[in-house]
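Labels below follow one simple rule: chain letters A, B, ... track the order of the sequence lines, proteins then strands, and each chain is numbered from 1.
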Amino acid sequence: MSKIHVTTRINGDEAEFLCDAEETLLDVLRDHLNLTGAKEGCASGDCGACSVTLNGRLVCSCLVLGAEADGAEIATIEGMASGEKLHVLQQKFLDHAALQCGICTPGILIAAKSLLEKNPDPSETEVRYWLAGNLCRCTGYDKIINAVIDAAAEMRKV
Amino acid sequence: MALDEYQKRDFKIIGTRQPRPDGIDKVTGRALYGADITAPGMLYAAMLRAPHAHANIKSIDTSRAEAMSEVKAVVTAADFVQGLGDDTQDVIDACIARDKVLYDGHGVVAIAATSRAAARRALKLIQVEYEVLPHAVEIDDALAAGAPVIQAGRRGNKVPKGYNDNCTNWCEFGHGDLDAGFAKADKIISRSFRTAATHQGYIEPHACLASMGPDGQGDLWCCTQGQYFVRTLCAEIIGMEESRLRVTSSEIGGGFGGKTTVFIEPIALMLSKKAGRPVKMTMSRDEVFKATGPTVSSVTDVRIGMTRDGRITAGEAFLRYQGGAFPCLTIFPGAQSAFAVYDLSAVRTRAVNVMTNRPRQAAYRAPGAPMAIYAVESVVDELCQEFGLDPLEVRLLNAASKGTKSSYGPTFDDIGLLATLKAAKAHPHYTAPLGPNQGRGLSCGFWFNFGGNTSVSLNVNFDGTIGVTEGNPDIGGSRVSISMMAAEELGVPYDKVRTIVADTNSLGHNDVTDGSRVTFAVGLATIKAARAAIGEMCRRAARVWDIDEDAVIWEDGHAKPAGPNAGSHQPMSLAEIARQSPNTGGPISGHHEVNAEGAGVSFGVHLCDLEVDPETGFTTILRYTVFQDAGRAIHPDFVEGQMQGGAAQGIGWALNEEYIYGKDGRLQNAGFLDYRIPVASDLPKIDTVILEIPNPGHPYGVRGVGETSIVPPLAAISNAVSRTIGVRMQELPMSPPKILAAIKSAGN
Ligand code: FES
Ligand code: FES
């Protein structure tokens with residue numbers, strides 16, 4: 001079976017890979033590019049653990065084909081901090097203990113970041129509905145919601 | 001006084017909110033979970049699973065798959081030796097079918113190939129001939145006369161006459177004269193309740209990387225709640241000595257009891273052994289639902305008598321649980337916990353486990369207790385309604401307390417139930433006004449908690465920092481709590497301590513992360529390991545000062561001379577002693593090994609307000625408050641997190657979650673779309689109130705907090721719904737159609 005040659009940008013860096021037609025972007029990130037921050041919780045678009053952005057749009061990378069990444073701009077959790085400096089959301093997640101096992105955390109951080117880019121001052125209800133596609137089984141969401149709202153407030157200051 | 005008994009003291013670090021050592025890795029995507037590592041030359045495994053609930057395997061033809069050049073190993077049940085101990089044999093039989101398929105999704109053939117795609121293609125080339133058998137997936141069907149026998153020869157010897165061959169386990173608990181007790185009641189209510197099987201629903205599917213070398217040594221990386229138990233099981237199944245298999249636990253993406261056994265690990269090891277290459281095996285979500293252990297489903301009959309002033313005079317329950325196609329002990333904690341929150345003079349519980357054509361159950365947070373307590377707390381609530389009594393007052397009147405002979409035997413020591421109930425009563429939530437179609441429910445909860453085998457080693461590094469090595473996977477912040485206890489005991493700042501989780505060959509045995517045991521038992525061992533290190537540091541200081549070692553005490557992280565013959569010396573800090581240690585006798589460490597007892601039972605009370613839409617039967621949770629005794633909250637954030645997480649899972653169980661089987665015995669909702677766990681927009685804030693009634697069996701008073709929180713939501717929500725719609729609900733989950741039918745049946 002012949003492979004597809006894909007050129008893309010991931011977290012600002014140029015990336016190139018060969019993939020099968022049926023491989024998802026999540027497969028490519030994890031298996032070919034060694035970016036295992038995006039997690040596979042379901043492979044069917046139901047859990048959000050694989051969330052990344054594709055040309056600025058929040059997507060489940062398990063529902064995007066690797067081949068579709070050609071010429072695109074992808075952002076994953078690995079690109080969220082700048083060097084040693086955590087993104088405000090990452091810091092607030094730690095401050096609020098918004099993670100227990102942490103498997104949902106990369107997806108939720110990516111999703112929350114994309115919410116705050118669109119809506120810098122979301123209500124609690126807006127945060128809850130925006131994150132409804134990201135399952136967390138450990139926390140009951142309470143501390144996650146607090147962390148996002150606190151991060152939004154902090155980000156509005158700067 | 002033994003050292004592990006609770007001693008009152010002022011804490012410097014305990015009770016503060018310190019940063020977790022694994023935090024940055026987890027918010028940056030660096031943390032490595034089960035599926036996140038690779039090995040050179042690695043193969044990918046895939047499993048062919050049976051599409052029948054119950055069937056004889058007539059033949060398996062793997063020749064076409066084996067002919068593929070990409071396929072490097074094929075494994076069936078025939079590759080495993082048989083006649084292992086009952087429990088271990090059941091574990092491997094549940095992973096891969098021997099000659100009979102016992103549930104929809106039961107593994108039949110495993111393949112290792114050079115790519116995932118090749119492994120999947122290979123599965124399609126395997127031919128299995130089945131003879132489909134009649135099946136039973138529901139408790140009543142499996143208990144019926146003439147029911148298909150799921151596994152012959154497994155009927156339990158304690159099971160009374162009149163129960164068929166599917167009945168594997170039986171138990172009875174209680175005390176007092178039931179007849180006399182019921183005779184004193186002004187009202188007796190008998191009801192029967194049903195709960196559906198639910199899944200732990202951890203977001204990380206099972207995953208492992210197995211590597212068996214030609215020298216017979218093996219390495220296994222996996223997401224598990226207990227690397228030592230994985231080693232024990234796999235070593236026995238594969239037929240190797242434990243020392244030859246090193247198991248490393250990855251970061252774990254949730255478990256809740258579901259990762260206390262193995263589902264793929266022995267298969268991956270066997271594939272690796274046959275292929276001579278590392279094998280990565282991961283489950284899809286569909287496989288997780290079908291072929292790992294959900295919790296039991298249950299039918300529970302409850303009969304309770306009460307006087308008109310609210311005193312419970314007698315209680316009786318009969319539990320029927322199914323835990324899949326194998327014997328299952330979950331009836332024991334179920335029957336033991338059913339009435340545990342009450343101080344009763346006459347109580348009896350009986351329970352039977354029945355096999356069905358479902359996957360082998362695995363523990364799920366307080367296994368067996370939520371469904372039993374749901375049934376009891378529902379009837380108590382109905383009796384309160386009957387007499388017009390305040391449900392919290394009735395709980396206060398009947399609550400177990402210190403000195404109560406529990407419904408399952410032991411007499412309680414200091415427990416926190418009364419304090420918890422009083423906190424609930426005093427909380428503004430309890431008296432907040434309710435609107436139309438709204439109701440309030442409450443329930444108590446209980447869990448035993450567990451201690452168990454534990455090893456901890458604590459090293460004082462030359463630079464004065466501390467390394468703690470423990471052996472329990474950190475499932476929700478335990479490393480930070482362990483570090484805090486070490487720092488507290490040694491008298492050093494928190495940031496001087498780093499705790500890591502060891503592999504099986506780097507530290508002595510540790511029981512599985514279960515029974516809410518880690519903060520209690522590993523904490524206890526850590527404190528004692530610290531005390532051992534302190535003893536050694538005092539000896540080193542004595543040597544430097546050339547005084548008697550008994551004349552040295554430890555205070556605030558320093559060795560100090562004390563007593564009449566000590567002389568005057570400047571106190572030596574831990575860092576100083578550590579720096580000098582090469583010249584005073586070598587490295588300093590402390591370790592402790594224990595089979596910890598005295599875990600200290602745990603109680604909680606939940607309050608829930610909700611609204612039922614009378615037109616759709618849809619329930620919205622409006623307000624939720626959890627009250628729970630933590631003994632001592634080491635890190636309050638993570639105690640609250642356990643309380644909130646358990647409540648959220650219980651809410652899902654009460655309202656949405658269930659295993660749905662078709663007439664063909666096949667699971668119809670093996671995915672997160674159709675098995676719907678609560679999402680952020682389903683839930684309100686979950687408020688928490690931590691009570692601290694110290695556990696007498698722990699130096700800092702710690703009680704486990706992980707499990708109790710899933711127990712009360714079932715009845716709290718059912719009671720609230722029942723009060724709102726004026727009909728006593730008796731089945732979970734209370735999905736909108738069921739609530740609508742209940743409303744209609746009552747003609748409201
Ligand atoms: S893995 Fe993509 S949504 Fe679950
Ligand atoms: S922290 Fe475990 S799933 Fe969210």
(request) Output the residues of residues 672-683 of chain B for which the shortest heavy-atom distance to chain A is under 4.5 Å, in residue-number order; output 'none' if no such residue exists. (result) B/F672, B/L673, B/Y675, B/I677, B/P678, B/V679, B/A680, B/S681, B/L683
(message) Out of A/N34, A/D95, A/L86, A/I103, return the one with the most heavy atom pairs under 4.5 angstrom to chain B.
(response) A/I103
(message) Does A/R57, at its CZ atom, have more than 12 non-hydrogen atoms belonging to other residues, nucleotides or ligands within less than 6.0 Å?
(response) no
(request) Go through the steps for A/R137 and B/E657 under the test salt bridge (Lys or Arg N to Asp or Glu O under 4.0 Å), then give the verdict. (result) CA-CA 13 Å; A/R137 190 59 156 171; B/E657 298 179 30; 2.8 Å; yes
(message) To the nearest 0.5 Å, what is the distance between CG on A/D31 and OG1 on B/T38?
(response) 9.0 Å
(message) With a 4.5 angstrom heavy-atom cut-off, is it the side chain or the backbone of B/Y202 that approaches chain A, or both, or neither?
(response) backbone
(message) Taking side chain as everything from C-beta outward and backbone as N, CA, C, O, which of these in B/P684 sits under 4.5 Å from a heavy atom of chain A? Side chain, backbone, both or neither.
(response) backbone
(request) Identify which part of A/A43 has an atom lying under 4.5 Å from any heavy atom of chain B, answering side chain, backbone, both or neither. (result) neither
(message) Let me confirm one number: the CD-CG distance from A/Q100 to B/D637, rounded to the nearest 0.5 Å.
(response) 10.0 Å
(request) Please determine, among B/A648, B/G254, B/G253, B/A31, the option with the most heavy-atom pairs under 4.5 Å with chain A. (result) B/G253
(message) Tell me if a side-chain donor or acceptor on A/R30 pairs with a main-chain N or O of B/A35 at a distance below 3.5 Å.
(response) yes
(message) Please report the interatomic distance CG(A/D20) to CZ(B/R116), rounded to the nearest 0.5 Å.
(response) 11.5 Å
(request) Working to the nearest 0.5 Å, report the span between OG1 of A/T36 and OH of B/Y33. (result) 10.5 Å
(request) Please state whether the side chain, the backbone, both or neither of B/Q642 comes within less than 4.5 Å of a heavy atom of chain A. (result) both
(request) Look at B/Q649, B/R30, B/E204 and state which one has the largest set of heavy-atom pairs under 4.5 Å with chain A. (result) B/Q649
(message) Heavy-atom pairs under 4.5 Å with chain B: which of A/C47, A/G41, A/G140, A/G102 has the most?
(response) A/G41
(message) Tell me if a side-chain donor or acceptor on A/Q90 pairs with a main-chain N or O of B/V27 at a distance below 3.5 Å.
(response) yes
(request) Could you grab the distance from atom SG of A/C136 to atom CD1 of B/I203, nearest 0.5 Å is fine? (result) 7.0 Å
(request) For residues A/L99 and B/R20, determine if any side-chain heavy atom of one lies less than 4.5 Å from a side-chain heavy atom of the other. (result) yes
(request) Flag the one option from B/M643, B/R17, B/H635, B/Q200 with the top tally of heavy-atom pairs under 4.5 Å to chain A. (result) B/Q200
(request) Find the one option among B/G201, B/G23, B/A207 whose heavy-atom pairs under 4.5 Å with chain A are most numerous. (result) B/G201
(message) Does any backbone or side-chain atom of A/Y129 lie under 4.5 Å from a heavy atom of chain B? Answer side chain, backbone, both or neither.
(response) both
(message) Which atoms of B/E251 are under 4.5 Å from chain A, going by heavy atoms: the side chain, the backbone, both sets, or neither?
(response) neither
(request) Against chain B, label A/E23 side chain, backbone, both or neither, depending on which of its atoms sit under 4.5 Å from a heavy atom there. (result) neither
(message) Using 0.5 Å steps for rounding, measure from the CD atom of B/Q644 to the CD1 atom of A/I144.
(response) 10.0 Å
(message) For A/I145, which atoms come within 4.5 Å of any heavy atom of chain B: side chain, backbone, both, or neither?
(response) side chain
(message) Is A/T139 close to chain B through its backbone or its side chain, or both, or neither, when contacts mean heavy atoms under 4.5 Å?
(response) backbone
(request) Examine whether an atom of B/Y624 lies under 4.5 Å from a heavy atom of chain A, and if so say whether it belongs to the side chain, the backbone or both; otherwise answer neither. (result) neither
(message) Please classify the contact of A/L135 with chain B as side chain, backbone, both or neither, using a heavy-atom distance under 4.5 Å.
(response) both
(request) Find out whether B/K26 and A/L94 are in side-chain contact, i.e. whether some heavy atom of one side chain is under 4.5 Å from a heavy atom of the other. (result) no
(request) For atom CD1 of B/I24, decide whether the heavy atoms of other residues, nucleotides or ligands shown that lie under 6.0 angstrom number more than 12. (result) no
(request) Go through the atoms of B/L32 and report whether side chain, backbone, both or neither lie under 4.5 Å from a heavy atom of chain A. (result) side chain
